[in-house]
Amino acid sequence: MSKNLEKTYSPSDIEDRLYQKWIEKKYFHAEVDENKKPFTIVIPPPNVTGRLHMGHALDETMQDIIIRFKRMQGYSALWLPGTDHASISTEVKVIEKLKKQGIDKKDIGREGFLKETWDWTHEYGGAIVEQLKKLGSSCDWDRLRFTLDEGCSKAVEEVFVKLYEKGLIYKGSRIINWCPVCKTSISDAEVEHEEHAGHFWHIKYPIVGEEGRFVQIATTRPETLLGDTAVAVNPEDERYTDIIGKTVMVPFVNREIPVIADSYVDKEFGTGVVKITPAHDPNDFEVGKRHNLPELNVMNDDATINAMGGKFEGMDRYEARKQMVAELDEMGLLVKVEDHSHNVGTHDRCKTVVEPLIKPQWFVKMDELIKPAVEAVKSKEIELIPERMEKTYFNWTDNIRDWCISRQLWWGHRIPAYYCDKCSEVVVSKEQPETCPKCGHNHLTQDEDTLDTWFSSALWPFSTLGWPDNTKELEYFYPTDVLVTGYDIIFFWVIRMIFSGFEHMGEKPFKTVLFHGLVRDSQGRKMSKSLGNGIDPLEIIAEYGADALRLTLITGNAPGNDMRFYMERVEASRNFANKVWNASRFIMMNMEKAEIPETIDLSELTLADKWILSKKNALVKEVTENMEKYDLGIAVQKVYDFVWEEFCDWYIEMVKPRLYNDEDTTKMAALWTLKTVLIDSLKLLHPYMPFVTEEIFCTLQDKEESIMVSEWPVYDEAFNFNTDEEAVELIKAAVKSIRNVRAEMNVPPSKKATVIVVTEDDAVAQTFNTSKVFFATLGYASEVIVQSDKEGISQDAVSTVIPNATVYMPFAELVDIEKEIERLQKEKARLEGELKRVNGMLNNERFMSKAPEAKVAEERAKLENYTNMMAQVEERLQQLS
RNA sequence: GGAGUCAUAGCUCAGCAGGGACGAGCGUUCCCCUCACACGGGAGAGGUCAUGGGUUCGAGCCCCAUUGGCUCUACCA
């Protein structure tokens, strides 16, 4: 195998090839394995006909990171993929497509329409899956599921029948949200409330039997007056006590309706009189039930006025409104029109203003089902990350209403209810009944409606594992471990999966829910088609690589928070991938001639080796802990910092003199350390950046065939070298000081000089003595001399102070004494500030008595350090002046 | 109406468990094309952690109020 890499990392050259290899090797496939612990994630199924957007990219990246991590840790890690049939959205798309051909869905009938939709699904359904692969998603594609496939459909029927038999599903005529464009009912969760500028019309209704007397009502929707069956006042409202029980006349339809008293009416709002339209308003519906009012539906399914509306019949609701207002004005019944801004419910798919209508629909009774779901989150049996999402969760569960699950659509799971053609008996059954159990008639017709899409997704964590059959997968992989999803579907999906899990499996569907936020554009706006500000993940992948995209999406973002996406961040991620690539390239170039041993005797390691190995060891521990808590962004940030700063900028630089010198007896130790640290770093990075790490890993070594099935690094006590760590930190401080001085003095980088370290501390002297070689390189020094006094150092040498030592550089001809004094005075001022702070704390009695001892000791050590440095600085100043 | 959330460097954001303003990326200033990387290296500048109180020996981090932005939720006709 060639040990050469190109100078610049080019993702497009390797990604598809590596993904193909992973598929062929079946690395993504998880099996029931009693020797391993299971770890399971089920994918939030994207719409089958959808296209990958940034939201998916974020969601999938998080899941892939977790599953790759767990796989490397030795779990039987299953990431179960699938797609959702997305009833309304898919049906609407197909309807539009047909419309272009001049076809209405009714023309081709249910069967014809379903055939069209299946064709469409097959044609476009593969795209989203292929796009997920581009991201590097390590889903077990052998187990790909679809909410409308046979297994999921079986689960849906099973659940429907079971809940019906328990009395938890019922059919009832209730007021529901109706979309006049999609011509279907929708659930409360699908209604979006938008602020609309509207009007408040004040209208007079004549009181019957009292010539010239009126009640004045105020309404935002005058057209519904056609369906009024009462007007209501507050029973406490003294203005109106005398008219309670009287009747008033509804204009246009000349219907006599009663004045009723109901505490629902707010005395302070409007005129204090409310028209009651039970068939077109949810509140009025409730009032109507309390007072036994008739429910008069005045609208058709497309929101035009029906025959009940008299001369307005056939007009659209808004057209009728306009007409009616004009006529009321003419009749002198319109008192005034006020501007009034109010919230209007719209359908989240098509933005049409929802029309509340009374329709026979199927409902799931929620009050009992929700209880275990509430309890599980309260008791932390299910953990929500971040925790604050619990508030959103409870906000919904505390106000739970029955779930309207029937949809007047064809694309979806048809409701398994059958009606006897003869006696109208209802039979709910998994199979088409032969005969009516009541009258024995031999023909029953299935309900025309289908189920809400979320009805099937609610079962996803177990239907995908084979339920209702008792499969070995279900036994092994359920409950799943973590659900990764956006906070925007807590109500639609998360809650419904939780109660479904408890109801049907008797157990929670997942242990943890990890929420992420929305991906916004660089200005913080939602990415949307209409704004045209969406960024296509696939284009980013093509240009910068999947690794760069993944890293961008995962860094600098806390769980549940929205994030802004902009190209500079992608470039930064790409640069990091390139950095890793080049560090690896450097190491491999140096490895070419040498055979690196498997293990090494610790005594062969130098100070620097031990330092970086210690650092790496600590990193492994921290990163593992962070990842186990799903702190993915924090974890990768730590690896990023370690690789770029500690490993590349310090260790590799320190080690160069040893590599370039074949005589150096520690060269092998350096190579061994480089390789060891690199491999572990690659492993830590692999979940985040699967492609670049795999490519390097496979070029770097040939013992293992893939990093994705290699073992996750573990913390090793044998590689903790605390004293060596401190020593190297001291050298780093010295080097930084020297560089600083050189830069400030404008010493050209090419100018090498002698560096004299003066210290009375034996340990410090020892450190510098043993590290002269790399120290020299890093500090641009030609030579390093360590001594215990200032003998032989010219008076005009530049100096810099580090703890327990002073570093001198004789740049005689370059140095400007004035400037040097200025520099030292700046340093003195800084130290004075530090001393003031430390002394302030240490002189505070209450601090001394109450603060933990460790903290006090820490501050004391600082005091000593600063005092020491201050003395050195002052001494230098005295010498110079 | 209710709830949540944010306000930290010029910009976008981290900051896990209250203990030196701790940061990152980008931008910016100066010096370097040094044989892994200019998608790079080195050295800087830049912050009263929104405002006002409180708790604490000590607060960006906890509590209360205020201001401003965002989001969710809700039946004010």
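What you see is a predicted model; the values in this text were computed from it and never measured.
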How close or far is atom [atom2] of [N] from atom [atom1] of [X], stated in whole angstroms?
| X | N | atom1 | atom2 | value |
| --- | --- | --- | --- | --- |
| Tyr660(A) | C35(B) | OH | P | 9 Å |
| Glu568(A) | C11(B) | CD | P | 14 Å |
| Arg564(A) | U71(B) | CZ | P | 12 Å |
| Arg401(A) | A74(B) | CZ | C1' | 10 Å |
| Arg837(A) | C57(B) | CZ | C1' | 14 Å |
| Glu543(A) | C39(B) | CD | P | 14 Å |

Report yes if a side-chain nitrogen or oxygen of [X] is closer than 4.0 Å to either non-bridging phosphate oxygen (OP1 or OP2) of [N]; otherwise report no.
| X | N | result |
| --- | --- | --- |
| Asn578(A) | A36(B) | no |
| Arg846(A) | C57(B) | yes |
| His340(A) | A77(B) | yes |
| Lys656(A) | A36(B) | yes |
| Arg221(A) | A77(B) | no |
| Arg739(A) | A43(B) | yes |
| Trp396(A) | A74(B) | no |

Derivation and outcome, side-chain contact (heavy atoms from CB on, under 4.5 Å), residues Phe515(A) and Val494(A): CA-CA 10 Å; Phe515(A) 288 103; Val494(A) 178; 4.2 Å; yes
Nucleotide nearest [X] when distance is taken to its side chain, options [options]:
| X | options | result |
| --- | --- | --- |
| Lys391(A) | U5(B), C75(B), G40(B) | U5(B) |
| Lys7(A) | C37(B), C16(B), A36(B) | C37(B) |
| Ile652(A) | A36(B), C39(B), C57(B) | A36(B) |
| Lys629(A) | C16(B), C72(B), U12(B) | C16(B) |
| Asp266(A) | A77(B), G15(B), U73(B) | A77(B) |
| Cys648(A) | A3(B), A36(B), G25(B) | A36(B) |
| Gln637(A) | A36(B), G42(B), A24(B) | A24(B) |
| Arg388(A) | G4(B), A36(B), A14(B) | G4(B) |
| Arg574(A) | A43(B), A14(B), C39(B) | C39(B) |
| Asn561(A) | A77(B), A14(B), A36(B) | A14(B) |

Suppose we call two aromatic rings close when their centres sit under 6.0 Å apart. Are Phe269(A) and Phe200(A) close by that rule?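 Close enough - the centres of the two rings lie under 6.0 Å apart.
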Any ion pair linking Glu355(A) and Arg221(A) (charged N to carboxylate O, less than 4.0 Å)? yes
Look at Glu286(A) together with Arg290(A) and state whether they make a salt bridge at an N to O cut-off of under 4.0 Å. no
Would you kindly compare Glu571(A) and Thr219(A) by the position of their nearest RNA chain B nucleotide and give the one closer to the 5′ end? Glu571(A)
Judged by nearest nucleotide, the residue sitting upstream toward the 5' end of RNA chain B, Tyr640(A) or Ala743(A), is Tyr640(A)
Rounding to 0.5 Å, atoms CG (Leu659(A)) and CE (Met589(A)) come to a distance of 11.0 Å
Quick one: label [X] by what it contacts on the DNA or RNA (base, sugar-phosphate, nothing), any heavy atom closer than 4.0 Å.
| X | result |
| --- | --- |
| Phe285(A) | nothing |
| Val265(A) | base |
| Phe491(A) | sugar-phosphate |
| Glu653(A) | base |
| Thr220(A) | sugar-phosphate |
| Gly272(A) | base |
| Trp650(A) | nothing |
| Ala583(A) | base |

Report yes or no: is there a donor-acceptor pair, N or O only, under 3.5 Å between the side chain of [X] and the base of [N]?
| X | N | result |
| --- | --- | --- |
| Glu645(A) | A24(B) | no |
| Asn343(A) | A74(B) | yes |
| Arg569(A) | C26(B) | no |

Can you tell me how far C1' in U71(B) sits from the matching atom in C31(B), rounded to whole Å?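 Looking at atom C1' only, U71(B) and C31(B) are 47 Å apart.
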Are the side chains of Arg401(A) and Asp188(A) in touch, meaning some heavy atoms are under 4.5 Å apart?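 A side-chain contact under 4.5 Å exists here.
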Is any side-chain heavy atom of Glu295(A) closer than 4.5 Å to a side-chain heavy atom of Thr229(A)? no
Between Glu859(A) and Lys855(A), does a salt bridge (charged side-chain N to carboxylate O under 4.0 Å, His left out) hold up when you go through it step by step? CA-CA 6 Å; Glu859(A) 293 302 323; Lys855(A) 182 66 194 164; 3.1 Å; yes
